[in-house]
Trainee: 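Sharing a structure with you now.
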Amino acid sequence: MIQPKTPTNQSKRTVSIIGTGSYLPERVLTNGEIEKLVETSDEWIVSRTGISERRIAAEGEHTSDLAAKAALSALENAGITAEEIDLILVATVTPDMFFPSTACFVQAKIGAKNAACFDVSAACSGFLYAIEIAQQFITSHTYDTILVIGADKLSSIIDWTDRNTCVLFGDGAGAAVLRHRGGGHGVISTFMASDGGLSDILYIPGGGSRFPITKENADSRLNCIKMNGKETYKQAINSMLDAAHKVLADANLDPEDLACVIPHQANLRIIEAIADRMKLPIERFVVNLDRYGNTSAAAVAIALDEANRTGRMKVGDYVLLVVFGGGLTWASSVIQW
Ligand code: ACO
């Protein structure tokens, strides 16, 4: 008979984020520069989205490069070495290649020779999906130390002639180190959901097995993001509110108990609508999309790192993370910092 790997007398363990990191490419692309590419204006972009500028990866700088730099910053913040990592999860929709996984490339770049590696595909929700996976591995005593990264190089899949999408996105990476720390602090509640019936409001049709890379498909820009903005907007608000309420109820907390909320960084109006419906002041929300745009799986991870490094969260504070992305996918997590 096969023995279960986790002895049944071992209790579940609480899981804490013991370090965070992020990396943004140096090159800043302003709304003014996008005005020269498509018919748009700084005024339209700022008033409809809140975005003023975004970062764009350098020539030859790949998703794994962004991810590895964020990872090293998280390891330093956590005070651990790369050899201590048991598992690397990279959430991304812009992997370096179909395979090997971007997590494997990161492993080689940071020297995490003891880690198992794989990628998570859940679009902009990927970082929280990966946090949930990491939590399950740690609470079940399978692994002790897990590096979770959200990294995307969306500039590689943007149609720079489509003003509906090219103004929204940017490149970047964020990372967190998870470990059992004890003392009751850590991830309290998590929630994940999907609706594959709405996959056609936000997707990249080409490059996979359905529309492989051919000259014809590339000329039709099938390898670029397609989005029904209005429908995405509506779904994002409803789904993130639902996810927020679910984890708060599970954690037995009210919105006003939260020290801060770290939402997906897609559109300031979406964040304002959520703040309004949760009856929380907008100041309670961590917002950086004005500087970075929507960096997909990296967005909430970068915001988490900024909140950590700027002291937005004190030990014992309750923090809500909530995300939404293509799939559709959405997720949330309440953490006691
Ligand atoms: N500059 C100027 N005009 C524009 C631009 C632009 N960049 N983009 C669209 N317009 C025009 C449209 O063509 C339209 O013109 P028309 O009335 O003549 O047809 C007009 O502006 C209004 O367009 P709307 O789509 O109604 O604008 P809206 O106020 O809905 O804002 C936006 C559009 C910003 C895309 C909004 O719908 C949105 O943020 N949606 C959610 C996007 C999102 O969250 N995406 C990421 C999800 S996460 C992930 O998985 C990647």
Side-chain angles (χ1 to χ4, degrees), residues 20-74 76-77 90-97 102 105-106 109-110 123-124 126-127 149-175 204 207 218 221 223-225 227 264-268 286-310 325:
T20 63
S22 59
Y23 173 75
L24 280 307
E26 272 173 40
R27 163 87 167 98
V28 175
L29 182 68
T30 63
N31 290 348
E33 289 173 271
I34 294 188
E35 283 176 3
K36 295 180 187 129
L37 302 176
V38 289
E39 201 183 324
T40 190
S41 66
D42 177 53
E43 195 281 320
W44 192 97
I45 302 170
V46 172
S47 63
R48 299 291 182 116
T49 71
I51 299 166
S52 295
E53 57 188 44
R54 68 287 293 144
R55 301 298 181 91
I56 302 295
E59 186 82 38
E61 193 173 35
H62 312 302
T63 299
S64 66
D65 298 311
L66 312 181
K69 285 181 177 155
L72 290 173
S73 141
E76 191 182 3
N77 187 244
V90 176
T92 186
V93 288
T94 49
D96 285 21
M97 300 178 184
T102 302
F105 288 123
V106 171
K109 283 178 178 159
I110 67 173
C124 301
F127 183 74
I149 304 169
D152 267 307
K153 183 180 162 183
L154 293 170
S155 60
S156 65
I157 50 164
I158 288 171
D159 177 353
W160 292 103
T161 66
D162 176 14
R163 70 176 182 174
N164 290 301
T165 53
C166 76
V167 301
L168 301 174
F169 301 105
D171 302 336
I204 300 171
R221 296 203 163 86
N223 60 317
C224 295
I225 295 180
M227 183 183 72
H264 179 46
Q265 309 284 315
N267 186 318
L268 184 58
V286 177
V287 176
N288 63 19
L289 59 81
D290 51 322
R291 288 168 285 140
Y292 308 139
N294 178 353
T295 55
S296 189
V300 78
I302 296 168
L304 174 69
D305 183 47
E306 286 193 348
N308 183 22
R309 285 169 194 266
T310 55

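Only this structure's heavy atoms are used, side chains among them; waters, hydrogens and symmetry mates stay out. What you see is a predicted model; the values in this text were computed from it and never measured.
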Trainee: Would Glu61 and Arg27 satisfy salt bridge (charged side-chain N to carboxylate O under 4.0 Å, His left out), going step by step from the backbone distance to the final call?
Mentor: CA-CA 11 Å; Glu61 193 173 35; Arg27 163 87 167 98; over 6 Å; no
Trainee: Only one of Gln265, Glu53, Arg54, Arg55 passes side chain to side chain contact (heavy atoms under 4.5 Å, CB included) with Tyr292; say which it is.
Mentor: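 So the option named by the test is Arg55.
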Trainee: Go through it in stages, so that I can follow the logic: the residues are Leu168 and Thr49, the test is side-chain contact (heavy atoms from CB on, under 4.5 Å), and I'd like the CA-CA distance, side-chain angles, deciding distance and then a yes or no.
Mentor: CA-CA 8 Å; Leu168 301 174; Thr49 71; 3.6 Å; yes
Trainee: Quick one: closest heavy-atom pair of Ala123 and Gly325, and the distance?
Mentor: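 Taking Ala123 first and Gly325 second, the nearest heavy atoms are CB-C, 4.2 Å.
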Trainee: Do Leu268 and Asp290 have side chains that approach each other closer than 4.5 Å (heavy atoms only, starting at C-beta)?
Mentor: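 Leu268 vs Asp290: side chains apart.
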Trainee: If you take all heavy atoms of Ala175 and Ala301, which pair is closest and at what distance?
Mentor: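 In this case the closest contact between Ala175 and Ala301 is N-CB, 4.2 Å.
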Trainee: Return the minimal non-hydrogen interatomic distance between Ile149 and Ala71, and the atom names on each side.
Mentor: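 Ile149 and Ala71 have their closest heavy atoms at CD1-CB, 3.9 Å.
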Trainee: Rounded to the nearest 0.5 Å, what's the gap from CG on Asp162 to CZ on Arg221? Could you check?
Mentor: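 Here the interatomic distance stands at 9.0 Å.
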Trainee: Is any side-chain heavy atom of Glu35 closer than 4.5 Å to a side-chain heavy atom of Ser41?
Mentor: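 In contact.
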Trainee: Would you say the side chain of Thr94 lies within less than 4.5 Å of the side chain of Leu154, judging by non-hydrogen atoms?
Mentor: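 Yes; the side chains approach each other to less than 4.5 Å.
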Trainee: Output the distance between atom CZ (Arg163) and atom OG1 (Thr40), rounded to the nearest 0.5 Å.
Mentor: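 If I round to the nearest 0.5 Å, the distance is 7.0 Å.
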Trainee: Measuring only between side-chain heavy atoms, which start at C-beta, is Val90 closer than 4.5 Å to Phe105?
Mentor: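 The answer is no; the side chains never approach within 4.5 Å.
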Trainee: Is a side-chain donor-acceptor pair under 3.5 Å present for Asn77 with Asp305?
Mentor: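 No pair is found: no donor N or O on one side chain lies under 3.5 Å from an acceptor on the other.
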Trainee: side-chain contact (heavy atoms from CB on, under 4.5 Å) for Cys166 and Leu37? Distances and angles first, verdict last.
Mentor: CA-CA 9 Å; Cys166 76; Leu37 302 176; 5.8 Å; no
Trainee: Out of Asn294, Val46, Ile34, which one pairs with Val167 under the side chain to side chain contact (heavy atoms under 4.5 Å, CB included) rule?
Mentor: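 Of all the options given, the one that passes is Ile34.
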Trainee: Rounded at 0.5 Å granularity, tell me how far CD1 in Ile51 sits from OG1 in Thr30.
Mentor: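 The CD1 atom of Ile51 sits 13.0 Å away from the OG1 atom of Thr30.
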Trainee: Atom CD of residue position Glu33 - does it have more than 12 heavy atoms of other residues, nucleotides or ligands inside 6.0 Å?
Mentor: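 Counting neighbours around CD of Glu33, more than 12 heavy atoms of other residues, nucleotides or ligands fall under 6.0 Å, so yes.
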Trainee: For Asp152 and Thr92, test the side chains for any donor-to-acceptor distance below 3.5 angstrom and give the result as yes or no.
Mentor: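 Side-chain D/A pair, Asp152 to Thr92: present.
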Trainee: Show the nearest heavy-atom pair for residues Ala57 and Asp171, with the distance to one decimal.
Mentor: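 Looking at all heavy atoms of both residues, the shortest contact is N-OD2, 2.7 Å.
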Trainee: State the SG-CD1 distance between Cys224 and Ile158, to the nearest 0.5 angstrom.
Mentor: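 These two atoms lie 8.5 Å from each other.
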Trainee: Shortest non-hydrogen contact from Leu66 to Gly172?
Mentor: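 Minimum heavy-atom separation between Leu66 and Gly172: CD1-N, 3.8 Å.
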Trainee: Using 0.5 Å steps for rounding, measure from the OH atom of Tyr23 to the CG atom of Leu72.
Mentor: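 The distance works out to 12.0 Å.
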Trainee: Which value, rounded to the nearest 0.5 Å, describes the distance between Ile302 atom CD1 and Leu24 atom CG?
Mentor: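 Result: 4.5 Å between the selected atoms.
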Trainee: So which heavy atom on Asn223 is nearest to which on Ala218, and how close?
Mentor: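 Heavy atoms only, the tightest pair is OD1-O, 4.2 Å.
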Trainee: Can Ser73 and Arg309 be counted as having a side-chain donor-acceptor contact under 3.5 angstrom?
Mentor: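 A donor-acceptor contact under 3.5 Å links the two side chains.
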Trainee: Main chain of Asp96, side chain of Thr102: is a donor-acceptor contact present, judged purely on distance under 3.5 Å?
Mentor: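 Judged by distance alone, yes, a pair lies under 3.5 Å.
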